[in-house]
2 protein chains.
Amino acid sequence: MSNKNVGIKDVAFAAGVSVTTVSHVLNDVSYARISPETRDKVKSVAEQLGYGPNRLAQALRTQRTGMLGLVSEDIATTPHAGRIILGADEAARARGYNLMIINTSGNASPESREADVEALLERRVDGILYATMYHRHIQVPSNLGGVPAVLVDAVSTGGSVTAVVPDEEGGARAAVGCLLAAGHTRIGFLNNTDDVPATRDRLRGFRATLTEAGLDGGAAPVESEPSEVQGGYEAARRILARPGRPTGLFCYNDRMAMGAYRAAAELGLSIPGDLSVVGFDDQELIAANLHPGLTTVALPHYEMGAWATQNLIDAIEGKADLGLMALRPTVLDCPVVVRDSVAAPPL
Amino acid sequence: MSNKNVGIKDVAFAAGVSVTTVSHVLNDVSYARISPETRDKVKSVAEQLGYGPNRLAQALRTQRTGMLGLVSEDIATTPHAGRIILGADEAARARGYNLMIINTSGNASPESREADVEALLERRVDGILYATMYHRHIQVPSNLGGVPAVLVDAVSTGGSVTAVVPDEEGGARAAVGCLLAAGHTRIGFLNNTDDVPATRDRLRGFRATLTEAGLDGGAAPVESEPSEVQGGYEAARRILARPGRPTGLFCYNDRMAMGAYRAAAELGLSIPGDLSVVGFDDQELIAANLHPGLTTVALPHYEMGAWATQNLIDAIEGKADLGLMALRPTVLDCPVVVRDSVAAPPL
DNA sequence: GTTCTTGTTGCTCAACGGTCTCCCACGTCC
DNA sequence: GGACGTGGGAGACCGTTGAGCAACAAGAAC
């Protein structure tokens, strides 16, 4: 079935030709002039010997490994990393590349991060994907400069590395738009307390969308808590206790929305009858399994992984210029995933 | 900071010695007799040139890549794959190896699976980890035989490949034991309908533990549904409607437990006051975020990944014999993770 | 004093398994 | 009988490793 220890010279010997010829035939070298008979002979012999090229040797000679390094943070703690990996893997395979993955911790030291990149460099990967587990600004390892590189879900503080991030503000706009379209006018936002791009951008999108709809975005109720279930619960309790209680809630993420569900249940508010809720992140385990299903905004992790990989490969193959792209991070859409948590406001 | 294109011969030239000497010094070759001065010279030159070995060339020469292939199913759909990857990555790095990851679909064709393994083989990985996304019996790709291999969360139908799987029955015993210890005597099981090892083994553990506790395990109530939230809900509705309603529920997984929570809420049963619930899988997103927190049984994905990797490396390095280990799959513990969903039964 | 040993220290050279740039041999055609 | 077309081979090279050898100095034997 497979290679093993048969090399190109075994094929050459068995076919009665030189290794050069075998190489030319198997690689379809354009300038090689070889008779059809010889070609067939070589191919069939290679096939039946189960010859498979030794990519190491190829790489050594051609200075191309066909491998992409992916350093990802906290692979196991969120499903996000998995989606990035999947997007990257599929895009890579489609173009004949493979992925070498290295896991790093969100709070790893700069030295350890450099060591991670170094390991990839020693293996002579053709390019590096550097992914964080949530959208943020990072200081890239200094040795990342050696090969083409793309940041996924992160932007470099120096701004000198090509990056792809989600359109946080656009996602927030879509979420609020969803509530607006259902007829809500009293809309609140359960925000995160961390000072990260998502916090700021989603808030901006929230207010702007309301304002553009003729409401007073600046005065719209916002409650902030740590972005976990408990925080969502507490923020929801507070926001729902306000006079002129909101009928629609936009939540920073699905976990906070989960907390809001509980708060609503405790207050005897039914979703979506009395209260409409929109989340963010589309963590399937939560969003799809809550009752009713949570309408939320999806983060394009798969797409970011794929986009980064495609452009990285383009750069490697000289079809694109990462330097140019590094000027502005590329922003990818956050589409709304409609489930059952939004309805018209109560009369 | 780093290598790039500086090779061993650049170091040799700069240090005024031969490449052999550099190689010997840098690899601490035991039988090489080289003066301390020369050693220092070489090391410092290498350091300041930012020399890093070319692992490709090393691998070509030594026939050892220091890379492990990991083919995993559906990386993005469950967090499980992430934990396996993490366990494998950490174990691999601890021993100087790196991981090449290939994603495959749970329902990929045998040909495509062989192609995945083939890709790994072409890159001359030293060994292969083959992981599935849930415990099951599989037909391993026929070309897997070429290198040392270990199955993770799966056993080969032929039984000829070393494998590591969770102790399903033990986990079920622990879960039921937990309920028993809290004083429950009327305990029900919400089982899965799929015919997989987990379904059978957990049921066996459930009944056996009850019987051993002096209860009638054979007659204990069991309701089966697809292992999703909705299935859990329905099975719970049925089991809670039975005469002599159970006060403790063991659920096939956390998703079904989530459904049970809803059923309980609808019936006005409070958890854990009126009903105690134990899940399985420890999907943090669910288990930790449900209210009250779900006591559940953890699947040792991280541990399986690490175990598989350590033993694979041992085999590669000749310190272990996979053939021997293949006789019986290794079974790893499923520990109970205690949260707040179990209490004494109502009076 | 010359030739042997014996130790030191480091170098030479052939792999590893490919790719790729010349180069060659042999027709054939005017 | 030179130019050209056709089919294919030789051999250097990619960056390392490792077995074996070479060079040299110091002490021993004659």
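Reckoned from all heavy atoms, side chains included, excluding hydrogens, waters and symmetry mates. In what follows, chains carry the letters A, B, and so on, assigned in the order in which the sequence lines appear, proteins first and then strands, with residues in each chain numbered from 1.
For A:Y97, the OH atom is densely surrounded, since the number of other residues' heavy atoms within 6.0 Å is greater than 12.
Minimum atom distance to the side chain of A:S35 is reached by D:dG7, of the listed D:dG7, C:dG10, C:dG18. Side-chain proximity of A:T20 to the nucleotides D:dA10, C:dG17, C:dT12 is greatest for D:dA10. Here the side chain of A:T62 is nearest to one of C:dT19, C:dG17, C:dT21, namely C:dT19. The side chain of A:R33 approaches D:dT6 more closely than any other nucleotide in the set C:dC20, C:dT12, D:dT6. The nucleotide whose nearest atom lies closest to any side-chain atom of B:N54 is, among C:dT21, D:dT16, C:dC11, D:dT16. Out of C:dG18, D:dT16, C:dC16, the shortest distance to the side chain of B:Y51 is found at D:dT16. Checking D:dG15, C:dT12, C:dC16 against the side-chain heavy atoms of B:Q63 singles out C:dC16 as nearest. In the set D:dG8, D:dT16, C:dT19, the nucleotide with an atom closest to the side chain of A:R61 is C:dT19.
Atom CZ in B:R39 sits roughly 13 Å away from atom C1' in C:dT8 (whole-Å rounding). Atom-to-atom, CD1 of A:I34 to P of C:dT19 comes out at 13 Å; the value is rounded to the nearest Å. A:R64 has its CZ atom 24 Å from the P atom of C:dG17, to the nearest Å. Between B:I8 atom CD1 and C:dC11 atom P there is a gap of 12 Å when expressed in whole angstrom units. In this structure, B:L121 atom CG and C:dG17 atom P are separated by 15 Å, rounded to whole Å. Taking atom CZ of A:R55 as the reference point, atom C1' of C:dC16 lies 18 Å away to the nearest angstrom. Spacing between atom CG of B:D10 and atom P of D:dG15 amounts to 8 Å, rounded to whole angstrom units. We find that NZ of A:K9 is positioned 14 Å from P of D:dG11, with the value rounded to whole Å.
Comparing B:T21 and A:V19 by the nucleotide of DNA chain C whose heavy atom lies nearest to each, the residue mapping closer to the 5' end is B:T21.
For the residue pair A:E118/A:N143, the side-chain donor-acceptor check at 3.5 Å is satisfied. With no hydrogens or angles considered, a side-chain donor-acceptor pair links A:S18 and A:T21 at under 3.5 Å.
The aromatic rings of B:H80 and B:H301 lie parallel to each other, their planes meeting at an angle below 30°, with 60° marking the opposite boundary.
Among the protein residues, A:V17 comes within range of the sugar-phosphate backbone only, with heavy atoms under 4.0 Å from sugar or phosphate atoms but none that close to a base.
For the OP1/OP2 pair of D:dG20 and a distance below 4.0 Å, the side-chain nitrogens and oxygens of B:Y31 include no atom meeting the criterion. Close to C:dT19, at under 4.0 Å from its OP1 or OP2, lies a side-chain N or O of A:S23.
B:I75 contributes atom CD1, which lies 4.0 Å from atom CD1 of B:I85 (distance to the nearest 0.5 angstrom).
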